[in-house]
Amino acid sequence: MNVPNHVAIIMDGNGRWATKRGLERSAGHLEGSKTLEKLAIHAMDMGVKVLSVYAFSTDNFKRSKEEVDYLMNLIIKYFNTKFDKLVKKGIKVIVSGRKEPLREDVLKAIKNIEEKTKDNDKAILNICLNYGGQEEIIDGAIKLAQDINQGLDISTFKREDFYKYLYHDLPPIDLLIRTGGEIRVSNFMLYQMSYSEFYFTNTYFPDFDKSEFNKAIFMYENRDRRFGGINDKKSS
Ligand code: FPP
């Protein structure tokens with residue numbers, strides 16, 4: 001089986017999932033968190049090494065204070081206690097994004113989960129929080145400029161070399177999934193997705209269960225990835 005090494009998910013549709021049921025939007029985020037916990041374990045069991053998820057974008061701060069506070073409190077709760085099963089399974093949790101303007105208690109919870117799971121080596125769950133893809137490239141470019149000022153020779157600098165200037169030095173994304181029906185990438189992991197396969201589904205994220213995930217993996221296995229070249233076997 002040709003399982004993708006790095007899968008990324010834009011977890012969209014929590015709000016609509018809740019509204020459709022006559023519930024507050026927050027109920028959708030809560031259900032989405034449960035889905036995420038199950039998917040992280042399932043992806044690892046299938047052989048996926050890195051799962052990146054878009055939990056909160058830099059632009060999500062435009063939402064109501066009530067919704068932002070709910071999401072931050074939920075994330076704290078998951079980092080501090082609810083992810084215990086996933087932690088025991090050997091998943092290393094890392095967080096990508098800018099620290100500013102995250103609250104102190106959120107920063108503390110990030111430190112806590114990263115510290116608690118730093119020696120786990122079965123798989124990585126990369127949670128993008130206060131994250132923007134263009135911001136990540138800018139922040140990386142600033143770090144690179146500092147190294148150049150310190151004398152780094154860039155005459156042989158290649159695109160692969162830029163990964164270590166990103167928030168974490170992760171492999172390129174093989175499969176990007178977006179739930180919730182929109183067909184866009186919304187400033188998510190732009191550098192890492194340059195050659196990824198895309199899978200868009202109308203399913204709202206809380207309903208994106210193991211069998212939905214398997215459909216995306218099945219689609220991926222049947223894609224012909226050429227990375228700009230030619231697949232001799234398939235074109236003849
Ligand atoms: C987008 O759906 C979803 C978000 C902005 C938040 C995603 C967060 C989670 C699934 C919880 C993450 C939890 C942890 C523990 C990391 P939306 O609210 O924009 O949905 P809509 O498009 O239907 O309004």
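Atoms within each ligand, like the ligands themselves, are counted from 1 in listed order. Quick note: numbers below take in every heavy atom, side chains included, and nothing from hydrogens, waters or symmetry partners.
- Residue-to-ligand polar distances keep F83 apart from ligand 1: every N/O pair is separated by 3.5 Å or more.
- Checking only distances, R16 does come within under 3.5 Å of ligand 1, N or O to N or O.
- Contact annotation for R63 and ligand 1: only side-chain heavy atoms (C-beta onward) come within less than 4.0 Å of the ligand.
- The pair E115-K118 counts as a salt bridge, with a side-chain nitrogen and a carboxylate oxygen less than 4.0 angstrom apart.
- A salt bridge is defined here as a Lys NZ or Arg NE, NH1 or NH2 lying under 4.0 Å from an Asp or Glu carboxylate O, and K38 with D209 fails to meet this definition.
- R25 NH1, 2.9 Å is the protein heavy atom nearest to atom 24 (O) of ligand 1.
- In terms of protein heavy atoms, atom 1 (C) of ligand 1 is closest to M11 O, 3.2 Å.
- Proximity to Y78 (heavy-atom distance under 4.0 Å) selects the following atoms of ligand 1: 15 (C).
- At least one side-chain heavy atom of F208 sits less than 4.5 Å from a side-chain heavy atom of L39.
- In summary, D174 and K49 do not engage in a salt bridge, as defined by a charged side-chain N under 4.0 Å from a carboxylate O.
- Contact annotation for V53 and ligand 1: no heavy atom of the residue comes within less than 4.0 Å of the ligand.
- Using the six-membered ring where Trp is involved, F157 and Y165 have ring planes that are tilted, between 30° and 60° apart.
- Residue N60 has at least one heavy-atom neighbour below 4.0 Å for each of these atoms of ligand 1: 5 (C).
- Heavy atoms of G180 stay at 4.0 angstrom or farther from ligand 1.
- Between atom 7 (C) of ligand 1 and the options A55, S33, A18, the minimum heavy-atom separation is to A55.
- For the residue pair R159 and S194, no side-chain donor N or O sits within less than 3.5 Å of a side-chain acceptor on the partner.
- At the shortest separation from atom 20 (O) of ligand 1 among protein heavy atoms lies G15 N, 3.1 Å.
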Exercise answer: donor-acceptor pairs, residues 68-75 side-chain atoms, under 3.5 Å, sequence neighbours excluded:
residue	atom	partner	partner atom	Å
D69	OD2	K65	NZ	2.5
N73	OD1	R103	NH2	2.6
N73	ND2	D69	O	3.2

Using a 3.5 Å cut-off and no angle test, enumerate the donor-acceptor pairs between side-chain atoms of residues 20-28 and protein atoms at least two apart in sequence or in another chain.
residue	atom	partner	partner atom	Å
R21	NH1	W17	O	3.0
R25	NE	E67	OE1	2.9
R25	NE	E67	OE2	3.4
R25	NH2	E67	OE2	3.2

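- Look at R63 and D59 and you find no salt bridge, because none of the NZ, NE, NH1 or NH2 atoms lies under 4.0 Å from a carboxylate O.
- Among N14, L125, L36, the residue whose heavy atom sits closest to atom 10 (C) of ligand 1 is N14.
- Closest heavy-atom approach to atom 17 (P) of ligand 1 within the set V95, L129, I127, D12: this belongs to D12.
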